[in-house]
Q: 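Can you keep this structure in mind? I'll have questions shortly.
Here is how names work: the chains are called A, B, and so on, in the same order as the sequence lines, proteins then strands, and each is numbered from 1. This structure is a prediction, so every number in the text was calculated from the model and none was measured.
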Number of protein chains: 2
Amino acid sequence: MAATIADVARRAGVGVGTVSRVLNNRPKVRPATRARVLTAIEELDYVPSETARRLSLGRTQTIAVLSIHLVIPSVIERIRGIESSLTAAGLDMIIRNVETVDRRAQAIRDMSRAERVDGAIFISIGPDPDEYAQIRASGVPVVLVDAHHPELPSVVSDDVEGGRIAGRHLLDLGHTRLGFVGDPPNPSLGVRSSRMRLQGVTEALKERGLRIDPSHIVEGEHSRAEARRSALTILSAPDPPTAVVAANDTLAFGVLHAARDLGLSVPGGLSVIGYDDIDAADLVGLTTVHQPLQETGTEAARRLLALIDGTGTGPSRTTLPVHLTVRETTGPPP
Amino acid sequence: MAATIADVARRAGVGVGTVSRVLNNRPKVRPATRARVLTAIEELDYVPSETARRLSLGRTQTIAVLSIHLVIPSVIERIRGIESSLTAAGLDMIIRNVETVDRRAQAIRDMSRAERVDGAIFISIGPDPDEYAQIRASGVPVVLVDAHHPELPSVVSDDVEGGRIAGRHLLDLGHTRLGFVGDPPNPSLGVRSSRMRLQGVTEALKERGLRIDPSHIVEGEHSRAEARRSALTILSAPDPPTAVVAANDTLAFGVLHAARDLGLSVPGGLSVIGYDDIDAADLVGLTTVHQPLQETGTEAARRLLALIDGTGTGPSRTTLPVHLTVRETTGPPP
DNA sequence: GTGAAAGCGCTAACAC
DNA sequence: GTGTTAGCGCTTTCAC
């Protein structure tokens with residue numbers, strides 16, 4: 001059906017080796033010959049088979065992206081960044097949506113053996129020791145995004161600093177009793193950014209000689225509904241916080257919902273600050289800590305490509321800066 | 001490095017043909033032999049190379065998803081549906097983010113030639129005659145989602161009915177002057193759902209002997225900012241509508257923004273209804289027409305797989321039902 | 001039932 | 001410079 005390299009060679013009256021050289025822009029081809037080959041390619045509307053190329057090269061030209069729930073807006077933003085870099089570099093990307101620990105183990109196994117991808121990017125997934133051993137044994141380069149591992153390169157944003165920024169902003173407004181709604185402390189999937197953001201908040205308080213009441217900290221599932229319940233708990237307690245820091249915007253929306261349930265005006269009766277600055281944050285006027293989500297994706301792809309072609313540096317962490325985006329959900333305490 | 005089929009054959013003391021038969025669960029292998037092969041596979045931790053398999057089979061086991069802007073929430077929901085079906089079927093998916101007509105032509109060309117995918121799903125992209133010719137010539141099966149073509153199978157939801165539902169809801173509340181904010185009438189990328197939804201609204205009005213004032217219809221770019229501007233125009237005019245139907249939730253958010261700009265309370269001063277029921281709609285309490293976004297993806301994947309393995313039916317349209325989700329942005333007219 | 005061998009379409013090493 | 005050829009790791013006849 002489709003033309004092959006042999007067809008082109010025949011038509012141009014050359015060997016397949018020469019066609020291959022032309023195809024790959026290699027030197028040692030006389031201009032006239034090159035031109036003949038190019039013409040033949042044109043005439044036959046020839047396009048090389050990626051599959052054959054891959055088999056011959058022993059490389060798949062494909063990288064795997066392992067990510068937690070494909071619904072999470074921040075994950076999607078990161079993937080967009082990865083996609084653009086990879087497409088520009090001519091690589092394909094396959095996405096594995098990993099919702100459970102089981103699926104994660106499976107995906108890692110597939111990746112390093114069956115699919116034989118040239119590299120992988122993990123989004124918000126920190127491999128456990130077993131998994132790391134498997135990755136290491138397979139030799140597949142891996143870059144982590146929004147996750148940490150001592151032996152693996154990672155691209156993160158400064159979560160502690162982000163927490164600090166959020167905390168300081170509220171303190172500057174006059175708040176002294178802060179609450180925190182975060183992701184699970186020991187998430188099965190091994191992400192720790194929520195805890196690091198909390199740490200930043202704690203540090204900001206400590207700078208002013210304050211501390212966060214442990215009963216004002218709730219860590220639950222990563223969902224708006226769950227965050228709403230969590231927030232209701234701490235806001236209904238005696239002596240509730242006057243401001244709540246959420247570990248991400250999705251949770252912040254849950255907190256806003258809880259405030260509405262309780263008839264608390266925002267920011268009049270309660271200040272709420274999120275984290276990520278996803279699209280919807282702007283929509284509802286949420287004050288939040290902005291992190292460069294897409295950039296973490298492009299940066300991870302850049303590092304992975306370098307690792308694949310051998311020019312990459314070893315394991316090291318790239319930390320991207322964050323900043324505060326003030327909108328309409330924070331103000332002075334009541 | 002990794003074990004090959006030859007290694008397995010050697011270890012099991014059989015020929016590669018037999019190993020291949022075992023791998024593919026083909027009959028004509030004595031149970032004892034099969035067991036020996038299975039053991040060898042186990043011992044060598046062997047996994048077949050997908051690439052070699054593809055080259056030999058002449059199939060890529062990959063399908064392409066061509067989609068407009070990967071930012072649009074509804075597009076992402078659809079992709080999630082596709083991803084789950086495809087992964088379950090053991091196929092890979094590559095995503096091509098098509099933002100301009102040029103890129104679209106290029107992507108279609110690549111798809112049918114260079115990448116040699118086994119099939120493709122187009123999201124909100126209707127191929128023009130040239131493109132259709134190319135698709136047809138390539139023989140690559142294609143299924144459309146949220147788009148129409150006389151010769152191509154498609155999965156859509158009932159846009160006209162959805163518009164009708166939105167219109168009736170507002171009429172039932174007592175509104176008589178409706179506005180409409182939609183996507184461009186002649187979108188470069190060929191999607192017509194916005195127009196069909198408008199048609200539904202018009203029909204609902206006609207049922208009650210009413211019509212929509214043409215000056216209350218604005219069609220602009222698919223963005224919140226643009227929708228806000230559009231809405232400001234029609235709401236600032238003399239005798240403005242008391243309710244606005246938006247062709248999708250993103251636009252509805254822009255309309256809500258405009259209402260805030262004008263100091264119009266919602267739904268007290270203005271009713272707003274969206275379309276799609278994306279995640280954020282629930283968030284802000286937007287009344288909207290719910291369409292089964294993920295299901296359109298899974299259904300499209302299902303049909304494509306059937307087409308690929310030859311059991312599929314010819315071009316036909318699958319229409320999925322829609323329904324109204326009433327939240328807090330619609331109410332009686334002022 | 002099972003083994004041997006011929007592709008699938010490319011790249012790269014090796015002659016000339 | 002350029003042609004020839006041996007893989008890459010599978011699947012699939014085709015004998016036996």
Q: Do B:Thr296 and B:Arg78 have a side chain donor and acceptor closer than 3.5 Å?
A: yes

Q: Can you give me the first and the last nucleotide of DNA chain D (5' to 3') that has an atom within less than 4.0 angstrom of a non-hydrogen atom in chain A?
A: D:dG1 to D:dG9

Q: Does B:Asp92 pair with A:Arg96 as a salt bridge, N-O distance under 4.0 Å?
A: yes

Q: Measuring only between side-chain heavy atoms, which start at C-beta, is A:Ile125 closer than 4.5 Å to A:Ile68?
A: yes

Q: Looking at side-chain heavy atoms only, is the closest gap between A:Leu320 and A:Thr318 below 4.5 Å?
A: yes

Q: So, B:Arg80 and B:Glu83, do they make that salt bridge, N to O below 4.0 Å?
A: no

Q: Is the shortest side-chain heavy-atom distance between B:Thr33 and B:Arg21 below 4.5 Å?
A: no

Q: Under the criterion side chain to side chain donor-acceptor pair (under 3.5 Å), I'd like the reasoning laid out for B:Arg303 against B:Ser316: C-alpha separation, chi angles, the key distance, then a yes or no.
A: CA-CA 10 Å; B:Arg303 297 209 46 193; B:Ser316 80; 3.3 Å; yes

Q: One character per nucleotide, please: for nucleotides 9-16 of chain C, 5' to 3', B when the base has a protein heavy atom closer than 4.0 Å, S when only the sugar-phosphate does, - otherwise.
A: BBBBB---

Q: More than 12 heavy atoms of other residues, nucleotides or ligands under 6.0 Å from CG of B:Asp7: is that the case?
A: yes

Q: A:His149 and side-chain contact (heavy atoms from CB on, under 4.5 Å): which partner among A:Ser154, A:Pro127, A:Pro315, A:Pro129?
A: A:Pro127

Q: Using a cut-off of strictly less than 4.0 Å between a heavy atom of the residue and any atom of DNA chain C, enumerate the qualifying residues of residues 35-43 of chain A by number.
A: none

Q: Any side-chain heavy atom of B:Leu304 sitting closer than 4.5 Å to one from B:Ile63?
A: yes

